[in-house]
Every structure is written in C-alpha cells, then in structure tokens.
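A quick write-up on the structure given underneath.
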Amino acid sequence: MTGDIGCYTLGALPPLASLHTCLCMGAGIGQVHGMQKVRGTDARAVAVIGDSTFVHSGITGLVNIAYNNGGSTVVILDNGTTAMTGGQPHPGTGMTLSGEPGRRLDFEALVRAVGIENVAVVDPYDLEATEEALRQAIESPEPAVVIARRQCVLLSRERESPPEFDLEACTRCGRCISIGCPAISAVDDGGDRPFPQIDEEMCTGCMLCAQVCPVGALKAPAEQGEA
Ligand code: SF4
Ligand code: SF4
C-alpha cells in the first residue's frame with residue numbers, strides 16, 4: 001500500500017498497519033506505478049490517496065499510469081473535504097474557499113478523461129461492495145480506480161445508535177477490535193482474550209464492526225435494521 005500525507009496516513013499505525021510508504025503529497029501514485037513496472041502486472045500494490053491530495057498533486061501520477069501503459073490500482077478516498085488540516089474546501093467539494101458555490105470537479109469523469117475506463121464508486125460503509133470493487137480492480141490487468149465516497153463524519157455529524165452487543169455470543173475473536181475504530185477498546189477481564197467495549201459517546205453507529213463480526217454478537221438496533 002503506497003500513500004502520502006493525509007488523515008489516511010494514520011492507517012500506517014497498528015491495528016490497521018496498512019500503509020507502507022509516505023513521501024509527499026501525490027507520491028504514492030508514482031510509487032505504485034513504478035513498483036508495478038518493475039515487478040510486473042501480477043504485483044498487488046495499491047495506492048491510496050485522499051480527495052484533496054488527489055486534486056493537489058495526484059492527477060499527474062494518474063495521467064502517467066494511463067499514458068505509460070500501467071496496470072495499477074488507485075483508491076481515491078473521497079471524504080468530501082481536506083480533513084487532515086481542518087476541513088478546507090477543494091475543487092471536488094464544489095465550494096470556494098470563501099464559501100461560495102463553485103464548479104464541482106467530477107472525479108469519475110476526470111479519471112475516464114485521462115484514459116482509465118475501469119472506475120468504480122463505492123460506499124466504504126458497505127464492506128461487501130467495497131471488497132468486491134477492490135478485488136475486481138486489483139485482479140484487472142488494466143489500470144483501475146476505486147473511489148470510496150462517504151463524507152467525513154466530523155463534517156456530516158452523521159450519527160446513528162450504537163450496535164447492540166451480546167457478550168454471551170461473543171467468541172472474543174478480536175475482528176471488531178482490529179478495524180481500528182476509536183470507539184472500541186479491548187477489555188481484559190482475565191479471560192483467554194479481551195472482549196470489545198464500545199464507547200457510546202464516540203460511536204457514530206456506522207455498523208462496520210457489526211459487518212465484520214462472524215457470529216452476530218454485534219447487531220444494529222432493531223429500528224435500524226440488520227447490519
Ligand atoms: S458502529 Fe462504527 S463507530 Fe460504532 S463502534 Fe462500531 S465501528 Fe465504531
Ligand atoms: S467480532 Fe464479534 S465475536 Fe469477534 S470480538 Fe467482536 S463482537 Fe466478539
């Protein structure tokens with residue numbers, strides 16, 4: 001996983017530990033292209049880049065992938081803002097710095113315009129659809145772009161009820177803990193493994209933890225329907 005600087009760079013730390021390069025804004029796309037050229041089309045390296053960084057200096061790398069017969073996968077993490085530095089607008093938000101409506105950059109059209117046909121847009125809260133789009137992109141010999149689109153929760157203030165937790169059903173497998181949600185902590189009660197505890201003040205009710213639980217010990221409250 002190649003990347004650069006942005007809120008997603010925090011994914012380099014455990015428990016996610018899913019970012020392996022960080023040089024400068026936009027560099028991850030050039031790096032993934034170089035790796036793929038050296039290692040061949042079966043290389044599974046993927047670049048991730050935020051929406052504002054992509055506008056800042058990621059577009060040039062993508063142009064080069066298309067032009068230079070690349071086959072890499074690039075994931076644009078489109079949270080609709082410049083989150084790392086406090087939520088400034090950028091051309092993809094459709095707002096100017098002074099808060100007036102401006103022309104909104106169409107990421108999908110831009111990606112196609114540089115010559116990349118394989119482009120998918122997913123909601124990263126839908127894990128199954130996101131995994132399927134990533135698998136399809138990575139396995140494709142053609143260059144591919146996956147746009148993971150969901151507004152930053154610090155901006156949208158989107159909030160649902162926390163999941164219901166069934167301690168009896170929990171096998172303490174640790175999968176929900178491993179997704180790195182700051183609302184989940186691992187509680188050691190002297191058992192063979194820790195069990196998850198959800199801080200209801202921090203939880204936004206996204207249900208990602210419920211989607212990874214293999215035994216249904218975490219569930220959306222009845223009024224929200226099944227996860
Ligand atoms: S529902 Fe979302 S925010 Fe709440 S604990 Fe689960 S993963 Fe974290
Ligand atoms: S994923 Fe489910 S079974 Fe595993 S620790 Fe979390 S709640 Fe328990």
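Start at 1 and go down the list; that is how both ligands and their atoms are numbered. Predicted, not measured: the structure shown is a model, and the values here were computed from it.
The shortest side-chain heavy-atom distance between V74 and H33 does not fall under the 4.5 Å cut-off. Proximity of T81 to L154: side-chain heavy atoms (C-beta onward) are nowhere separated by under 4.5 Å. In this structure, the side chains of C181 and L208 stay at 4.5 Å or more apart for every pair of heavy atoms.
Between F195 and F165, the ring-plane angle classifies as parallel under the 30° and 60° cut-offs.
The structure places CG of N68 at 9.0 Å from CD of Q36, a figure rounded to the nearest 0.5 Å.
Relative to atom 3 (S) of ligand 1, the option among T204, D199, I198 with the closest non-hydrogen atom is T204. Between atom 4 (Fe) of ligand 1 and the options S161, C203, P196, C206, the minimum heavy-atom separation is to C203.
Under a 4.0 Å criterion applied to the non-hydrogen atoms of L218, ligand 2 contributes the atoms 7 (S). Of all atoms in ligand 2, listed by their number and element, those nearer than 4.0 Å to a heavy atom of C170 are 3 (S), 5 (S), 7 (S), 8 (Fe). Short contacts between ligand 2 and R172, defined as distances under 4.0 Å to a heavy atom of the residue, involve ligand atoms 5 (S), 8 (Fe). Each of the atoms 3 (S) of ligand 2 lies under 4.0 Å from some heavy atom of V215.
Ranking protein heavy atoms by distance to atom 2 (Fe) of ligand 2, first place goes to C213 SG, 2.4 Å. Nearest to atom 1 (S) of ligand 1 among the protein's heavy atoms is M207 N, 3.3 Å. Atom 5 (S) of ligand 1 has I184 CG1, 3.6 Å as its closest protein atom, hydrogens excluded (heavy atom only). Closest to atom 6 (Fe) of ligand 1 among all protein heavy atoms lies C209 SG, 2.3 Å. Taking atom 8 (Fe) of ligand 1 as the reference point, the nearest protein heavy-atom neighbour is C181 SG, 2.3 Å.
E200 CD: 12 or fewer foreign heavy atoms inside a 6.0 Å radius.
In terms of heavy atoms, C213 sits closest to G216 at SG-N, 3.5 Å. The two residues T2 and G28 come nearest to each other via the heavy atoms OG1-O, 2.7 Å.
In this structure, P163 is part of the shell of residues with a heavy atom less than 4.0 angstrom from ligand 1. Proximity of F165 to ligand 2 is established by a heavy-atom distance of less than 4.0 Å.
Hydrophobic clustering, with ILVMFWY side chains joined whenever heavy atoms are under 4.5 angstrom apart, keeps L16 apart from Y8.
In summary, C176 places no N/O/S atom under 2.8 Å from atom 4 (Fe) of ligand 2, failing the contact criterion.
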